[in-house]
Structure formats: structure tokens, C-alpha cells
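Following: one structure in C-alpha cells, then a few remarks.
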There are 2 protein chains.
Amino acid sequence: MKENTGKTKYILLGLLAHQPQTGYTIKKAIEYEYSHFWQESFGQIYPTLKQLVKEDLAVIMEGQESDSTRGQKLYQITEKGKKVLITWLEQAPEIEKLRYELLVKVSFGEAAEPKVMLEHLDDFIKRNDKNIREMNFFLEELSKLRLQGDDHTYKELTVLSGKYFYTAMRDWALEAKHIISERKVDPS
Amino acid sequence: MKENTGKTKYILLGLLAHQPQTGYTIKKAIEYEYSHFWQESFGQIYPTLKQLVKEDLAVIMEGQESDSTRGQKLYQITEKGKKVLITWLEQAPEIEKLRYELLVKVSFGEAAEPKVMLEHLDDFIKRNDKNIREMNFFLEELSKLRLQGDDHTYKELTVLSGKYFYTAMRDWALEAKHIISERKVDPS
DNA sequence: AATCTCATGTAATGGGTTACATGATTTT
DNA sequence: AAAATCATGTAACCCATTACATGAGATT
């Protein structure tokens with residue numbers, strides 16, 4: 001088995017710290033709540049869960065399953081796991097590197113017809129608009145929960161970051177389209 | 001040798017379309033002008049250049065080196081290479097996936113002391129401010145070149161995207177700090 | 001009965017960074 | 001003479017996705 005010095009381990013600990021879960025529900029949770037800034041595949045999740053158990057950071061909750069769980073394994077974080085999680089949270093996060101294929105294409109825009117980049121930007125704007133609507137929807141949901149005394153401040157912050165991010169990208173693309181169009185009309 | 005179905009190939013073609021270059025100058029160009037949205041290592045660049053030659057997308061410029069080039073190989077894009085580049089530019093870019101460790105940590109913020117996330121956010125704000133200043137500097141430089149009749153519209157667009165992006169991230173972090181602090185003072 | 005979703009897991013493959021190896025030229 | 005930079009390249013390793021294999025339970 002691999003050593004796994006990466007981040008998957010800590011994401012899983014963070015999710016297990018919230019509530020005991022199976023590999024499958026962890027995957028679904030990441031897809032639903034983290035996909036705009038993080039992703040994990042089954043190929044990472046299952047081996048890493050095994051690793052967590054091996055390192056005493058999590059245990060499989062045996063017995064007392066009320067309903068007949070078919071084959072699933074419910075993982076629970078240990079005290080040691082909580083400590084490891086907190087230590088990791090305190091460490092400075094890695095400086096983020098982006099890989100934005102759209103921007104690479106735009107940078108080579110001169111080599112193509114202006115229409116090509118304008119179309120890519122249109123698609124990009126649509127995508128970002130969709131994401132902005134999604135972020136707004138989540139913010140409303142979280143705000144409702146808050147009124148019911150159910151606080152999710154930190155989750156809200158990540159959704160808010162998505163809103164800021166997608167809005168900035170959309171606004172940039174609108175300006176970029178404008179700049180390219182101007183130039184097309186008046187190539188002085 | 002690897003097949004390399006990835007993007008490296010096209011980035012190199014895009015850079016070679018601008019001017020003939022060596023692997024080394026390509027690396028430096030990517031570090032200087034692309035690092036905020038793309039990166040490549042020597043371990044990718046050199047094998048890919050070989051591959052380009054093998055596929056007739058680039059050739060090594062032999063002879064006529066005026067100054068004694070020590071061991072370096074100057075690569076030049078071929079007509080076939082230009083066609084392949086244009087075809088790639090026309091294809092829709094891959095939908096971008098982010099991996100933002102800071103946001104993962106923030107999402108687990110409840111498990112740590114508020115001070116921990118506030119400090120991470122402070123660092124993040126500083127980093128973004130630095131990047132914003134850098135983008136502004138680049139924009140000024142490009143604007144000067146423009147006055148001299150040297151157009152870099154598409155390059156400017158990518159720098160502008162950086163400015164939008166880093167500004168949005170900084171503004172979000174400022175609001176996030178505010179929200180966490182409010183909550184700390186008044187934990188009703 | 002067939003199909004869909006739940007559920008776990010492994011193997012193959014790909015893509016990328018880092019470390020290492022080598023040597024020339026330039027700067028201090 | 002030593003150190004820094006220029007310059008190319010390979011090997012090891014790591015991380016991650018995808019494809020595949022298996023099977024239970026639920027739905028049509």
C-alpha cells in the first residue's frame with residue numbers, strides 16, 4: 001500500500017470529525033459540498049480509509065447497526081485522529097497553484113480567429129453564471145438553517161468564496177469579450 | 001517514452017509559435033509569464049520537445065548559430081505544428097477544477113481555534129495583495145509597450161484575469177475575517 | 001427478470017514533480 | 001579558483017483518475 005503523504009488523509013479526517021461515515025457517503029459529501037474547490041475519487045478514498053485505521057486515526061464501528069447494513073463500513077474518528085486533524089489545520093496551507101486551460105488558450109489568442117476566443121469566453125460566462133446561481137442557492141439554504149439555530153458559519157465562508165470567485169471570473173470574461181470586440185472593430 | 005496526451009504539448013507549441021526557443025527559455029517564459037495560471041517542469045518539457053520533433057510538429061534549428069551556442073537546442077514550430085495548435089485552440093478548454101487547501105481548512109474551521117483560521121486568512125490576504133501589485137505592474141508595462149505600437153492584447157487579458165481573481169480572493173478573505181471575528185465576539 | 005443504485009475494492013495508467021547526473025560558460 | 005547560472009536530460013516517485021471486478025438490495 002502507498003504511504004499517502006498527501007492531503008486526502010486530512011480531508012477524510014475532517015469529514016469523519018463531523019460524523020461517522022462510510023467511504024461512499026464521504027464521496028457523495030465531497031461531490032456535493034466540496035466539488036468547487038476539492039475532489040477525491042474512490043481510488044483515493046478507500047485505500048486512505050484503510051490507512052487511517054492502520055494508523056489508529058479512525059476505527060470501523062462494529063456491531064449495533066440497527067438496520068441491516070449491506071457490506072458497508074462505518075468509520076469513526078479516534079482521539080488520536082482528532083489531534084492529527086487539529087495539528088494539520090494549524091499548519092499553513094500550501095500555496096495554491098492554478099491550471100487554467102482557458103487562460104492558456106486566451107494567451108495564444110493571436111494565433112486563432114477572434115471569434116474562437118469569444119466563443120470560449122461565452123461558454124465560460126455561462127458556466128460561471130450557473131455556478132453563481134448555485135452558490136446563491138446554497139447561501140439561502142444555509143441562511144434558513146441559521147434561523148433555525150443551526151450554525152454553519154465555516155461552510156458558509158467556503159460557499160461565499162465560490163460566489164466571489166465565480167463572479168470575478170464572469171466579470172473578467174465580460175470585460176475580456178469587450179476588449180477583444182473593440183479591437184476587432186478598430187484594429188488601429 | 002510516454003505518450004503525453006496532456007496539455008504540455010500544446011503550451012510548448014503555443015510558445016514556439018511566438019518565436020523559436022530552447023527548453024530552458026521555455027521554462028523561464030512559463031515561470032515568468034504563466035506561473036499564476038500554469039506551470040511546467042523540466043521533467044515535462046524536455047521529453048515533450050523530443051516528442052514534438054518525432055511528430056513533425058517542431059524541428060531543431062541546425063547550423064547558422066551566430067554565437068557559439070553551448071549545447072542548447074533551438075526548437076522551431078513547423079507548419080504542421082501550427083495547424084495542430086490552431087485545432088487545439090478551437091476546442092473547448094477543459095472545465096477547470098480547483099484544489100484549494102485553504103478552503104478545505106476553512107471548511108473544518110469549527111474544529112480549531114478561531115485564531116488559527118484568522119491567521120491563515122491574514123497570510124492569504126498578504127499573498128493576494130502581493131499578486132495584485134504584481135498584476136498592476138505587468139499591466140503598466142504592457143500599457144507602455146502598447147503606446148510604442150507593440151500590441152499584447154491577449155497577454156493583457158490573462159494578466160487582467162489575475163487581477164480580478166486575486167482581488168476577489170482578497171476581498172473574500174477580508175469579509176471572512178470579519179464574519180469570524182463578529183461571531184467570536186458575539187457567539188449567540 | 002432486468003436494471004438501477006448502493007457499496008467496496010484493486011489494477012492499470014497517466015501526468016507531474018523532484019532528485020539526480022552531467023557539463024559548459026559566466027561571474028565573482 | 002570557486003560559485004552561480006545556463007543547459008539538457010533521465011529515473012524514481014507520488015498522486016490521482018479511470019477502468020474494472022464484485023456483489024447486495026431496491027426499483028421497475
Side-chain angles (χ1 to χ4, degrees), chain A residues 1-12 15 20-32 34-35 37-54 58 60-62 65-75 94-101 104, chain B residues 1-12 15 20-32 34-35 37-54 58 60-62 65-75 94-101 104:
Chain A
M1 196 185 299
K2 293 205 198 129
E3 269 312 300
N4 199 354
T5 53
K7 318 267 162 58
T8 305
K9 182 170 155 177
Y10 302 104
I11 316 301
L12 300 193
L15 290 171
Q21 294 192 71
T22 68
Y24 194 82
T25 60
I26 285 173
K27 178 79 196 314
K28 295 295 137 185
I30 293 174
E31 266 172 27
Y32 188 66
Y34 287 77
S35 61
F37 60 90
W38 203 267
Q39 47 283 322
E40 293 290 350
S41 62
F42 283 127
Q44 290 281 104
I45 292 171
Y46 286 118
T48 305
L49 281 170
K50 273 198 173 176
Q51 189 67 21
L52 289 183
V53 172
K54 208 170 143 191
I60 298 174
M61 280 173 79
E62 301 279 6
E65 343 61 281
S66 45
D67 47 0
S68 66
T69 54
R70 77 270 226 190
Q72 352 130 276
K73 294 178 184 173
L74 198 59
Y75 289 86
E94 195 178 281
I95 291 174
E96 37 282 318
K97 294 186 235 166
L98 300 191
R99 292 197 127 213
Y100 241 72
E101 190 182 340
V104 175
Chain B
M1 194 187 297
K2 293 204 199 134
E3 270 311 301
N4 199 353
T5 54
K7 317 268 162 56
T8 306
K9 182 170 156 178
Y10 302 103
I11 316 301
L12 300 194
L15 291 171
Q21 294 192 71
T22 68
Y24 194 82
T25 61
I26 285 173
K27 177 81 199 308
K28 295 295 137 184
I30 293 175
E31 265 172 26
Y32 187 65
Y34 287 78
S35 61
F37 59 90
W38 202 268
Q39 46 282 324
E40 293 290 350
S41 61
F42 283 127
Q44 290 281 104
I45 291 171
Y46 287 117
T48 305
L49 281 170
K50 274 198 173 178
Q51 189 68 22
L52 289 183
V53 172
K54 208 171 144 192
I60 297 173
M61 278 172 80
E62 301 280 5
E65 339 64 280
S66 47
D67 49 0
S68 68
T69 54
R70 78 271 224 187
Q72 356 133 272
K73 295 179 183 172
L74 197 58
Y75 289 86
E94 194 179 280
I95 292 173
E96 36 282 319
K97 293 186 233 166
L98 301 190
R99 291 198 125 212
Y100 242 73
E101 190 181 340
V104 174

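Below, all heavy atoms of this structure are taken into account, side chains as well, without hydrogens, waters or symmetry copies. Each chain gets a letter, A, B and so on, in the order the sequences are listed, and its residues count up from 1.
- Rounding to whole angstrom units, CD1 of residue I45(A) and P of dT18(D) are separated by 13 Å.
- Considering only residues two or more places apart in sequence or on other chains, K27(B) meets the side chain to side chain donor-acceptor pair (under 3.5 Å) condition with E31(B).
- For T8(B), a side-chain nitrogen or oxygen approaches OP1 or OP2 of dG16(C) to under 4.0 Å.
- Comparing E40(A) and T25(B) against DNA chain D, the residue whose closest nucleotide sits nearer the 5' end is T25(B).
- Considering only the side chain of Q44(B), dG15(C) comes nearest among dG15(C), dA16(D), dT17(D).
- Looking at residues two or more places apart in sequence or on another chain, you find a side-chain contact (heavy atoms from CB on, under 4.5 Å) between Y24(B) and T22(B), K28(B), F42(B), Y46(B).
- Between the CZ atom of R99(B) and the C1' atom of dC15(D) there is a distance of 8 Å, rounded to whole Å.
- Taking atom NZ of residue K9(B) and atom C1' of nucleotide dG15(C), one finds them 15 Å apart after rounding to whole Å.
- Residues that satisfy the ring pair (Phe, Tyr, Trp, His ring centres under 6.0 Å) test with Y100(A), not counting sequence neighbours, are absent from this structure.
- The distance between atom CD of E31(A) and atom C1' of dA7(C), rounded to the nearest whole Å, is 14 Å.
- Between dC6(D) and T22(B), no contact under 4.0 Å exists linking OP1 or OP2 to a side-chain N or O.
- Atom CD of E94(A) is separated from atom P of dC15(D) by 11 Å (rounded to the nearest Å).
- Remark: E101(A) engages K105(A), K7(B) in a salt bridge (Lys or Arg N to Asp or Glu O under 4.0 Å) (not counting sequence neighbours).
- Nearest-nucleotide assignment on DNA chain D puts the 5′-proximal partner with G23(B), out of G23(B) and K97(B).
- Look at NZ on K7(A): it is 13 Å from P on dT17(C), rounded to the nearest Å.
- Comparing dG16(C), dA16(D), dT17(C) against the side chain of Q39(B) picks out dT17(C) as the nearest.
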Show the distances under 3.5 angstrom between N or O atoms of the protein and N or O atoms of nucleotides 9-11 of chain C.
{"unit_1": "dG9(C)", "atom_1": "OP1", "unit_2": "K73(A)", "atom_2": "NZ", "d": "2.3"}
{"unit_1": "dT10(C)", "atom_1": "OP1", "unit_2": "K50(A)", "atom_2": "NZ", "d": "3.3"}

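- Closest to the side chain of S41(B), from the set dT17(C), dA7(C), dC6(D), is dT17(C).
- The interatomic distance linking K27(A) (NZ) with dT18(D) (P) rounds to 9 Å, in whole Å.
- Smallest separation of non-hydrogen atoms from W38(A) and I11(A): NE1-CG1, 3.7 Å.
- Every residue two or more places apart in sequence or in another chain that forms a side-chain contact (heavy atoms from CB on, under 4.5 Å) with S41(B) is listed here: Q44(B).
- Across the protein-nucleic acid pair, Y10(A) atom OH and dC15(D) atom C1' stand 15 Å apart, rounded to whole Å.
- The existence of a salt bridge linking E40(B) and R99(A) is confirmed by a sub-4.0 Å separation between a basic side-chain nitrogen and an acidic carboxylate oxygen.
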